[in-house]
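Here is the structure we will look at, set down as structure tokens.
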Number of protein chains: 2
Amino acid sequence: MTEAALTELPAAAPGSKSEQAYQAVKGRIVEGTYTPGYRLVLGSIAKDLGVSVVPVREAIRRLEAEGLVKFERNVGATVAGIDPTEYLYTMQTLSIVEGAATALSAPLIDAVAIARARAMNEEMRECLDHFDPVRFTKLNQDFHSVLFEHCPNPHILDLVHRGWNRLAALRSSTFRFVPGRARDSVEEHENLLTLIEIGAGADEIEKAARLHRSATLDAYLRQTNNL
Amino acid sequence: MTEAALTELPAAAPGSKSEQAYQAVKGRIVEGTYTPGYRLVLGSIAKDLGVSVVPVREAIRRLEAEGLVKFERNVGATVAGIDPTEYLYTMQTLSIVEGAATALSAPLIDAVAIARARAMNEEMRECLDHFDPVRFTKLNQDFHSVLFEHCPNPHILDLVHRGWNRLAALRSSTFRFVPGRARDSVEEHENLLTLIEIGAGADEIEKAARLHRSATLDAYLRQTNNL
DNA sequence: AGGATAGTGATCGTATACGATTTCATACCC
DNA sequence: GGGTATGAAATCGTATACGATCACTATCCT
């Protein structure tokens, strides 16, 4: 459950080499093995995975469609870079679909799940004291996963996952842990949980979830402007 | 401009056979030549377009990712069918991203564009009197295009386009023209234009745009339940 | 006659091969 | 010496070929 329960929408057949290549390359991007700018050569990856170039090519194309890879004709593919504008657009889009997903999920989240989420949030608070950004980030993802996983609309859920993947891919070079913002974030999480618990209206929950991410974006912008 | 100014996000290289196949098949689906359930055989399409199966396969995969095609391993591809649940999800997702896109565009729409949109809306009103559903639908698309086309966030814009494409693909068998709803729709369009003109807040515009589509969905649900 | 089963055809998935385009380095000319 | 042209290497894009899987039919057994 803590492990990526990303049930992503339609894909290639589960056992196919194409799917295998997709998972492998995507994993290495999201995990950080392939950092932005890394050159993805079809032949090399194919040899590395022990498959032909055709499935690899298909995998790269899927990753391109998800914005994780840039693919130029007759030139090659590279892991998508860290364009601040792109970051802004991704965050903005995510704030919208994430807000919607949370609002749609809210009525379907049971007390057990809320308790689980709250425990995570408390542990995040501790991470702030011990300064453990890595665990904090992981917990943050799991926390929101609990809020999403009941979203009945698979399209919206898929969009949320794609956004998270993009951010994960950029994380290593873009994301910087800002303790001040992180502390606010934990409070916003608690507020969100409360809203869900008391059965607040969808509009209110959506707005709160959206602002939660917008605030992160604002913190990023403020930080970069202050350089 | 009236013609699909769909500048869709990353794609295959413009001149490639893959892109050519993609455009051809997508066009036939959206236009209605290939209706839901139509069997897409890679070899046949390849021969038909005068290319190999590899680019065709790639095109089909892209269409699958966009939800226009269903592709089963070792079985074949068919044009995506008319699952009422899927229709509901698509409309719900569209109401969200469309609302956001409209709100983001609003401040950037100039008076000329608004006048153009209003003219379209008035012509739609006339279409109701002469009962011309085809032209009404076309005008409706163009009307909303005017509202979208200035959306600064390309991701959101892309999501809106994908939603419209899915609806276009389903149109021929799902969509039924409901004059009562259409008349309300025209009024909502006018309200939207007014909100934009007076420089209403983003929240208000977003809510209005979202409700505009939700109302269409509701009308559909009411209609099917009354059968 | 009904159901299971083997055979046949069709279709997809992948590998390999080749041509086209780009990139980079080297040599040449001015 | 600097800029340009030429060549080779690398990489992608596509075609073709073959194996794997699935659906469908006709036959055989009970």
Side-chain angles (χ1 to χ4, degrees), chain A residues 8-29 34-81, chain B residues 8-29 34-81:
Chain A
E8 312 251 339
L9 266 194
S16 69
K17 316 242 176 173
S18 169
E19 178 68 14
Q20 172 190 341
Y22 170 77
Q23 294 293 347
V25 177
K26 176 177 163 186
R28 292 179 194 181
I29 293 175
Y34 294 161
T35 53
Y38 184 92
R39 187 101 185 271
L40 298 169
V41 179
L42 297 187
S44 308
I45 297 177
K47 204 175 66 177
D48 189 28
L49 298 177
V51 300
S52 157
V53 296
V54 179
V56 173
R57 177 184 169 77
E58 187 170 307
I60 300 288
R61 282 251 112 99
R62 277 177 67 189
L63 292 169
E64 183 194 23
E66 294 176 15
L68 294 180
V69 161
K70 195 159 169 290
F71 202 3
E72 260 179 308
R73 181 191 175 92
N74 288 328
V75 173
T78 54
V79 176
Chain B
E8 313 250 339
L9 268 192
S16 68
K17 316 241 177 175
S18 169
E19 178 68 13
Q20 172 190 341
Y22 170 76
Q23 294 293 347
V25 176
K26 176 178 164 185
R28 292 179 195 181
I29 293 176
Y34 294 161
T35 53
Y38 185 92
R39 187 100 187 268
L40 298 170
V41 177
L42 298 187
S44 308
I45 297 178
K47 204 175 65 177
D48 189 28
L49 297 177
V51 300
S52 158
V53 296
V54 179
V56 174
R57 177 185 168 78
E58 188 170 308
I60 300 287
R61 281 251 113 100
R62 279 178 66 190
L63 292 169
E64 183 195 22
E66 294 176 16
L68 294 181
V69 161
K70 195 160 168 291
F71 202 3
E72 260 179 309
R73 182 190 175 94
N74 288 329
V75 173
T78 53
V79 177

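The basis for the numbers below is simple: all heavy atoms, side chains too, and nothing from hydrogens, waters or symmetry mates. Order of the sequence lines fixes the chain letters, A, B, ..., with proteins taken first and strands second; residue numbering starts at 1 for each chain.
Between A:Lys47 atom NZ and C:dA15 atom P there is a gap of 15 Å when expressed in whole angstrom units. The interatomic distance linking A:Arg57 (CZ) with D:dT14 (P) rounds to 6 Å, in whole Å. Counting to the nearest Å, the C1' atom of C:dA15 and the CG atom of A:Leu42 are 15 Å from each other. Between B:Asn74 atom CG and C:dG9 atom C1' there is a gap of 14 Å when expressed in whole angstrom units. As rounded to whole Å, 7 Å separates atom C1' of D:dT11 from atom CZ of A:Arg39. Following rounding to the nearest Å, B:Glu58 (CD) and D:dG13 (P) show an atom-to-atom distance of 8 Å. Separating the CG atom of B:Leu49 from the C1' atom of D:dT14 is a distance of 14 Å, rounded to the nearest angstrom. Spacing between atom CD of A:Glu72 and atom P of D:dT11 amounts to 15 Å, rounded to whole angstrom units.
Of the listed nucleotides (D:dT14, C:dG13, D:dG13), D:dG13 has the atom at the smallest distance from the side chain of A:Phe71. Here the nucleotide nearest the side chain of B:Arg73, chosen from C:dG13, D:dA23, C:dA15, is C:dG13.
Of all heavy-atom pairs spanning A:Arg73 and B:Ser16, the tightest one is NH1-CB, 3.2 Å. Here the closest non-hydrogen pair linking A:Val56 and A:Ala46 is CG2-CA, 3.7 Å.
Of the side-chain N and O atoms in B:Ser52, one or more sit less than 4.0 angstrom from OP1 or OP2 of D:dA15.
Along DNA chain C, the nucleotide nearest A:Val75 and the nucleotide nearest A:Pro55 are compared for position; the residue whose nucleotide lies closer to the 5' end is A:Pro55.
Nucleic acid contact for A:Val54: base, since at least one base atom lies under 4.0 Å from a heavy atom of the residue. When heavy atoms are screened at a 4.0 angstrom cut-off, A:Ile60 is found touching no nucleic acid atom at all.
Side chains of B:Glu72 and B:Glu64 form no contact here, defined as non-hydrogen atoms less than 4.5 Å apart.
With B:Tyr22 as the partner, the side-chain hydrogen bond (donor to acceptor under 3.5 Å, both in side chains) test is satisfied by one option alone out of B:Lys17, B:Glu66, B:Arg61, B:Glu58: B:Glu66.
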Give the intermediate values and the outcome of side chain to side chain contact (heavy atoms under 4.5 Å, CB included) for residues B:Leu40 and B:Val79. CA-CA 7 Å; B:Leu40 298 170; B:Val79 177; 4.2 Å; yes
